[in-house]
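Worth knowing before you read on, the calculation uses all heavy atoms, side chains too, and leaves out hydrogens, waters and symmetry mates. Indexing begins at 1, ligand by ligand and atom by atom, following the structure's order. Starting from 1, each residue takes its place in the sequence as its number.
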Amino acid sequence: MKPDIIPEILFLKQEDVIKAGLLDMDMILAETEKTFRAQGEGKVIQPPKMKLGMPDDDNWESFGNAMPAYINDGTEEVCGIKWAAESVNNPKMQGVPYGIDVVILSNPKTMFPKAILDGTITTAMRTSATAGVFAKYLAVPGAKTAALIGAGVIGRTMIMAMTAAIPTLEEIHLVDLDLAKAEDVAAEFAEGGLYKIAAKVVPMTSAQEAVQGADIIVTETTSRKPFIKKEWLKPNVTCIQMERESFEHDCLLAADIVAVDSYEQLLHHAGIVQTLNEEGKITKDDAVELKDIVTGAVPARTSDGQMVFCKTMGMGMVDIAIANKLYHQAKDMGIGTELTLWDTPLWV
Ligand SMILES: NC(=O)c1ccc[n+]([C@@H]2O[C@H](COP(=O)([O-])OP(=O)(O)OC[C@H]3O[C@@H](n4cnc5c(N)ncnc54)[C@H](O)[C@@H]3O)[C@@H](O)[C@H]2O)c1
């Protein structure tokens, strides 16, 4: 019997998603903010991500996060999953990134997969864009100096996101334990090849020197231990922590506003929020979620004197929204490789 539908899957390798517009940070910021707004309006289903750490869940060498989400924004329904993986073994090899991600998009009516995309650069773009949305709503107005700690993949896209979200930025202190990495990234932006920015990027090795006087601090390192001290911070700083540990825990406790992408999800994963929650030092009521700031359900910064602490773990819904946008743009541009799941299913 001839099947009614032969499921067609558009395969988009990294070069394809880039051609389809992935490096357009203004578009990624807009999609990210729109997705948090949709979540605030109840148009998203996103269970907390599930982690598989290997060979030992706590002291992992590699891990994969399963990140499913469904979005129905009134114009289109889409669902999918990102298999988000990282391995400490990767940076030891030449030319291999630390994070390795794949996105599968499916049609929610049939669950036929419609696209498989490289999600590695999408992750970096949307991770930094999420920090950009936090900064847009929570940084002190007219912020001039940002300290970005970690000059890896996310460090690079963080420069794009911060300069796009905060056009008043004049100087970015870019810190890495490996000064050569920070220097290379700074040189890339000075040349303006991939992305043009007005701010000056200053490479550094001392996190203390970089954060003193900074209006915004974003940490995107692979550290598993806190290393940024409260006494280094400006009183009205906006701190944005992307990884498990970087700020000493009293930095979060000192903040006037604690903002997170998902408190529930943060409780499932080791790190600053889980630890402080277990110690009884914070509860869900002490934090606001980005979705509620974006919709205006809760106020953002209400005075220039407030200190703000943001923590994110990453939201699958943003990957799915951006992957779907790239899927449509790729279809319009005729990019990608068509695959089929089967010619005729053996059993129905
Ligand atoms: N919150 C999210 O949504 C999200 C999403 C993806 C990745 N991440 C996290 O972002 C972090 C960075 O990822 P990446 O892909 O850019 O990794 P990467 O390996 O490309 O870069 C990390 C950089 O941090 C530097 N570094 C490590 N410890 C440091 C320290 N104490 N001080 C200064 N520099 C230090 C390393 O030298 C390296 O250059 C990871 O911890 C990852 O888990 C967060």
Protein heavy-atom partner closest to [atom] - residue, atom, separation in Å:
atom                    : value
atom 13 (O) of ligand 1 : Ile154 CG1, 3.5 Å
atom 4 (C) of ligand 1  : Thr127 CG2, 3.5 Å
atom 21 (O) of ligand 1 : Gly152 CA, 3.2 Å
atom 12 (C) of ligand 1 : Glu220 O, 3.2 Å
atom 39 (O) of ligand 1 : Asp176 OD2, 2.6 Å
atom 34 (N) of ligand 1 : Leu177 N, 3.4 Å
atom 44 (C) of ligand 1 : Met242 O, 3.2 Å
atom 27 (C) of ligand 1 : Thr222 OG1, 3.4 Å

Using distance alone, decide if ligand 1 has a nitrogen or oxygen within less than 3.5 Å of any nitrogen or oxygen in [X].
X      : result
Tyr98  : no
Gly155 : no
Gly314 : yes
Val153 : yes
Asp178 : no
Thr123 : no

Practice task
For the residue pair Glu279 and Thr275, confirm or rule out a side-chain donor-acceptor distance under 3.5 Å.
Solution key: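 There is no such pair between these side chains.
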Exercise for the section: Only one of Leu253, Ile272, Ile240 passes side-chain contact (heavy atoms from CB on, under 4.5 Å) with Phe309; say which it is. Expected result: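 Passing option: Ile272.
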Problem - Proximal candidate to atom 7 (C) of ligand 1 [heavy atom criterion; set Glu86, Lys49, Glu243] - result: Glu86
Exercise for the section: Measure from atom 26 (N) of ligand 1 to every heavy atom in Ile228, Asp319, Thr221 and give the option owning the shortest one. Expected result: Thr221
Have a look at ligand 1 and work out which part of [X], if any, has a heavy atom under 4.0 Å from it: side chain, backbone, both or neither.
X      : result
Arg126 : side chain
Ile149 : side chain
Met313 : backbone

Would you mind running through ligand 1 and noting each atom that sits below 4.0 Å from a heavy atom of [X]?
X      : result
Lys181 : 38 (C), 39 (O)
Thr312 : 1 (N), 2 (C), 3 (O)
Gly150 : 24 (O)

Exercise for the section: Give a yes or no on whether Lys114 atom NZ has more than 12 heavy-atom contacts from other residues, nucleotides or ligands under 6.0 Å away. Expected result: yes
Salt bridge present between [X] and [Y] (N-O < 4.0 angstrom):
X      : Y      : result
Glu15  : Lys19  : no
Glu231 : Lys229 : no
Lys325 : Glu76  : no
Glu86  : Arg244 : no

Completion exercise
For residues 198-215, the side chain to side chain donor-acceptor pair (under 3.5 Å) pairs (sequence neighbours left out) are Asp215-Lys234
Problem - Minimum heavy-atom distance Asp57-Leu52, with the two atoms named - result: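 Closest approach of Asp57 to Leu52, heavy atoms only: OD1-C, 4.0 Å.
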Problem - Sidechain-backbone polar pair: Ser128 side chain, Met158 backbone, donor-acceptor under 3.5 Å - result: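 Here the side-chain-to-backbone pair exists.
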Practice task
Calculate, to the nearest 0.5 Å, the distance between atoms CG and CD1 belonging to Leu117 and Ile322 respectively.
Solution key: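 Reported value, rounded in 0.5 Å steps: 11.5 Å.
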Practice task
Any chance you could measure Leu266, atom CG, to Thr312, atom OG1, to the nearest 0.5 Å?
Solution key: 7.5 Å
Problem - pair Lys51-Met313: side-chain heavy atoms closer than 4.5 Å - result: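 Contact flag for Lys51/Met313 side chains = no.
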